[in-house]
Amino acid sequence: MALYCPWEHITCNSCNKVITTMTRITCVECDNFDLCLECFSQGKEIGKHKNNHNYRVIPSLHFPLLSSDWGADEELMLLEAIEQKGLDNWPEVENFVKTKTAKECRSHYYDYYLNSKTHPLPDLEESFLKKNGIVEMKPSRIVHFKDDEFDSRPQKETGCTQPTYEGYDASFNPYRKEFAFEYFNNAELSICNIAFTDKDTPEEREIKFHKLEEYYKMYCERVRIRNIVINQELVDPKKLRIADRKRSKEEKEIHDLNCQFLVALGKEDFEKYIKALVEEGKLKTKIRNLKQKRRDGCLTLQESKSRRKVNNYNYTSELKSVSYTKPSKHPH
Ligand SMILES: [Zn+2]
Ligand SMILES: [Zn+2]
């Protein structure tokens, strides 16, 4: 029997796909604005919605299961947390579940598991889902990002499952200007468990501040590197290949040898610099040739040009005479 579902009408605001039971993205700045994952990853902007708006990921399991205020995903997290951290270790359980406080975790576990008719299992006959079907959860936690910063939370290593964008490197999302794997990708791990409490000794506090300072340095470096890569247009391999093909062999060599100056000079000045180096190389070769001509006895440019013609003529006539005389060298 299909479950009653009062919000079956939830569709993607961009492509109109029904996304009721799928993981979806809800904009927290626009009213009733949902996107499917495809449209979200393409940075779709519709009406007032812009792709840098704060958002919440609504997982497919985020519907009330036992009570109206706990999602099925949170129930799973709670059980996992208790198994890993131990029963009654509520502060640790809170850290694990993340969306509920230690007190909420404790009372929920006691009310719906330990004190249920079917303890220690929850009473599914009395569950919220059984009585109401799948309904939408009230928001329990909203993640905010600043406009000029990107989501810098540690990302799960997902290997090659990242979507690819035509002409772009697989790990860069040009529509959201984000990398799947950031520079110092795991930097947040060093600070994720830091908490300041009143019981901290001055030494403990100093260590914590030091850790935060170290993290901030890594974060700044990450932003710097990301801006370089984006501003110097190094994220589009197609463009890079085309630019590469336009260069002569000498130009390419000089370009590759000096690419470390790109960061300091910026794209435009760097191109000028490379052009100047190529020009310098050409002039040096010309000067070398003229010096050689001088040693050969030429006193004017005109003379050197006519000398070259004579030399070429001599060379070709010499070749002709060699080939002409060839047969006589091998008589029968
Ligand atoms: Zn869509
Ligand atoms: Zn929006």
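From a predicted model like this one, the values you see are computed outputs, not experimental measurements. All ligand and atom numbering here is 1-based and tracks the order in the structure. Below, each value reflects all heavy atoms present in this structure, side chains not excepted, and no hydrogens, waters or symmetry copies.
- The Zn ion (ligand 2) has C27 SG, C30 SG, H49 ND1, H53 ND1 as protein N, O or S atoms under 2.8 Å away.
- Minimum interatomic distance between N54 and E29 (heavy atoms only, all atoms of both residues): N-OE2, 2.8 Å.
- Rounding to the nearest 0.5 Å places CZ of R56 at 10.5 Å from CD1 of I25.
- Atom NZ of K267 sits in a crowded spot, with more than 12 heavy atoms from other residues, nucleotides or ligands closer than 6.0 Å.
- Atom CD in E203 sits 4.5 Å away from atom OG1 in T201 (nearest 0.5 Å).
- Closest non-hydrogen pair, L66 versus Y112, comes out as O-CE2, 3.7 Å.
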- Query: F196 and F209: ring-ring contact (aromatic ring centres under 6.0 Å, His included), yes or no, with the steps?
  - Reply: CA-CA 10 Å; F196 287 89; F209 276 127; 5.2 Å; yes

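- Inspection of the environment of the Zn ion (ligand 1) yields the following protein N, O or S atoms under 2.8 Å: C12 SG, C15 SG, C36 SG, C39 SG.
- Note on ring orientation: taking the six-membered ring where Trp is involved, the planes of Y273 and F270 are tilted (angle from 30° to 60°).
- Between H108 and the options K103, K100, E75, a side chain to side chain donor-acceptor pair (under 3.5 Å) holds for only E75.
- Each of L277 and L257 belongs to its own hydrophobic cluster when Ile, Leu, Val, Met, Phe, Trp and Tyr are linked at side-chain heavy-atom distances under 4.5 angstrom.
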